Each structure stands twice: as C-alpha cells, then as structure tokens.
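To start, the structure itself, in structure tokens.
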Amino acid sequence: QVTSFQGVAVRSLSTSSPHDHPEHGRLVYKGNLAKAVLGVKFFSYSTSIFNLFMMPYIMLKSGIGVESLLVQAAFYGLIGVFTFVTPVTLHILTKGYVIRLYYKDEVDTYTAITYNAILAEKATVFHQKDVRIPDITKMFTTFYAKTKSMLVNPTLFPNPQDFNHLMGYDKSSFLKFEELEELKEAD
C-alpha cells in the first residue's frame, strides 16, 4: 500500500485493514456527528471559561455590587445558567453518542468509543449479551450496554448484519426476510 503525503511516497507494510484496531477489533460503525458533538462541547466549555474570567471585570466596571440584592441574584443566576448549566446539559445529552464501534469476532465483544466530560475519548467494552433494547423508545438511546445508554444511527452501519448482531435481531425467533421469501416461493 502506497500513500502520498505532500508529494512524498510513504510505504505502509501493514497487512490489516485501515478499519481494524489491534486492541478493539474491526470497525463496524462510525458516527457522522462526532466532529459536531466535539465542536459544540468545546465551544460551550470555552465560552463558560471565558465567562468565569470576565465576571470580575464586568462586576467591577458595571457597579453591580452597589445595586440591590434582587438585581445581584438575577444577574448571577443568569450568568450561572449559561456558565454551568449549558455545558452540563450538553454533556448529559451527548455522553452516550457513539463515535466509533468496534467488534471482536473471537470473543463477541464490542468496544464503543464516546467522549467523556473532559472531551477525551472513552472506551466502553461490552458483550453482545449485555445489550438491552429499551422497552420505550428514548430520544438519546438506541440501546443499553450493561447500564450505560448508547446512541447509534442504524443507517450508518456499512454492513446491516453488524447492527442486527449488535441488537440481537439475528438471534430472534421471528422469521427473517429471506426465510419469508423462501416460504412464498415454495407456496
């Protein structure tokens, strides 16, 4: 395999697929909103840090310390909502978004890569038998891996059988589409 890197030929002696990870296995899913989630969380964190550093300057220049207690409480409450509540809410909503999902055939385990609170990638390893589908459809949950909620987009799996195996649909007692077609042809 030869790849060009700014006009210089770089030779790779690797025999594995670019979608394989030596520790996690074969890449079966890649979320298309990973950069957007990271960007929004980074923007939210950076504006919160900016607010924290600008508060003393704003209070000093505006003379808010002289005003009534009610005005101070309203001002600090408004700033607190944007400074602390927004990043926490964003983290709660996006903590289960799966950036990449790997599968190891030999041990039937999945590794889900998500972002943690400090924007670092976090790996969660689970078996297919640990996957539980919620009884009621939830907005930010496709399935539970042990007790952690995970969000994936089923249409982004390059191989639909990988999604079916993840969710346990391949072990279902329902007739598969191919079997149903065979029954129709037999009749």
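Computed from a prediction, not measured in an experiment: that's the story for all the values here.
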I need the minimum non-hydrogen distance between Thr142 and Ile133, along with the two atoms involved.
O-CG2, 4.5 Å
Full working for side-chain contact (heavy atoms from CB on, under 4.5 Å) between Phe143 and Val152:
CA-CA 8 Å; Phe143 64 93; Val152 295; 4.0 Å; yes
Over 12 non-hydrogen atoms of neighbours within 6.0 angstrom of CG in Leu78
yes
Does any part of the side chain of Thr83, heavy atoms only, come nearer than 4.5 Å to the side chain of Leu52, both counted from C-beta?
yes
Quick check: closest heavy atoms across Ile99 and Thr114, and the distance to 0.1 Å?
CD1-C, 3.8 Å
How about Tyr169 and Phe163: do any of their side-chain heavy atoms sit closer than 4.5 Å?
yes
Listed partners of Thr155 passing side chain to side chain donor-acceptor pair (under 3.5 Å), at least two apart
Asn153
Minimum heavy-atom distance Gly31-Leu156, with the two atoms named
CA-CD1, 4.3 Å
Please examine the side chains of Leu151 and Thr141, heavy atoms only from C-beta on, and report whether any two atoms are closer than 4.5 Å.
no
In terms of relative ring orientation, are Phe157 and Tyr29 parallel, tilted or perpendicular, with 30° and 60° separating the classes?
tilted
Checking Tyr110 now: which residues fulfil ring pair (Phe, Tyr, Trp, His ring centres under 6.0 Å) with it, not counting sequence neighbours?
Tyr103, Phe126
Sequence neighbours excluded, every pair satisfying salt bridge (Lys or Arg N to Asp or Glu O under 4.0 Å) that has a member inside residues 32-43:
none
Taking salt bridge (Lys or Arg N to Asp or Glu O under 4.0 Å) as the cut-off, I'd like each qualifying pair that reaches into residues 138-167, sequence neighbours left out, listed once.
Arg26-Asp162
Search all heavy atoms of Gly25 against all heavy atoms of Tyr102 and return the closest pair with its distance.
O-CD2, 3.6 Å
What closest approach, in Å, do Pro87 and Phe82 show between heavy atoms, and which atom pair accounts for it?
CD-O, 4.0 Å
Can a donor-acceptor pair be found, under 3.5 Å and without considering hydrogens, that links the side chain of Gln128 to the backbone of Asp108?
no
Mind checking whether Leu101 and Leu166 have side chains closer than 4.5 Å, heavy atoms only?
yes
Please assess Thr124 against Met150 for the test side-chain contact (heavy atoms from CB on, under 4.5 Å), listing each intermediate value before the final yes or no.
CA-CA 10 Å; Thr124 304; Met150 299 282 181; 3.9 Å; yes
Ring pair (Phe, Tyr, Trp, His ring centres under 6.0 Å) partners for Tyr45, two or more places apart
none
What pairs meet the salt bridge (Lys or Arg N to Asp or Glu O under 4.0 Å) rule with one or both residues in residues 113-132, with sequence neighbours excluded?
Arg100-Glu121
Val40 backbone acceptor or donor facing Ser44 side chain under 3.5 Å
no
Between Val131 and Tyr144, does the side-chain contact (heavy atoms from CB on, under 4.5 Å) criterion hold? Intermediate values first, please.
CA-CA 6 Å; Val131 173; Tyr144 290 101; over 6 Å; no
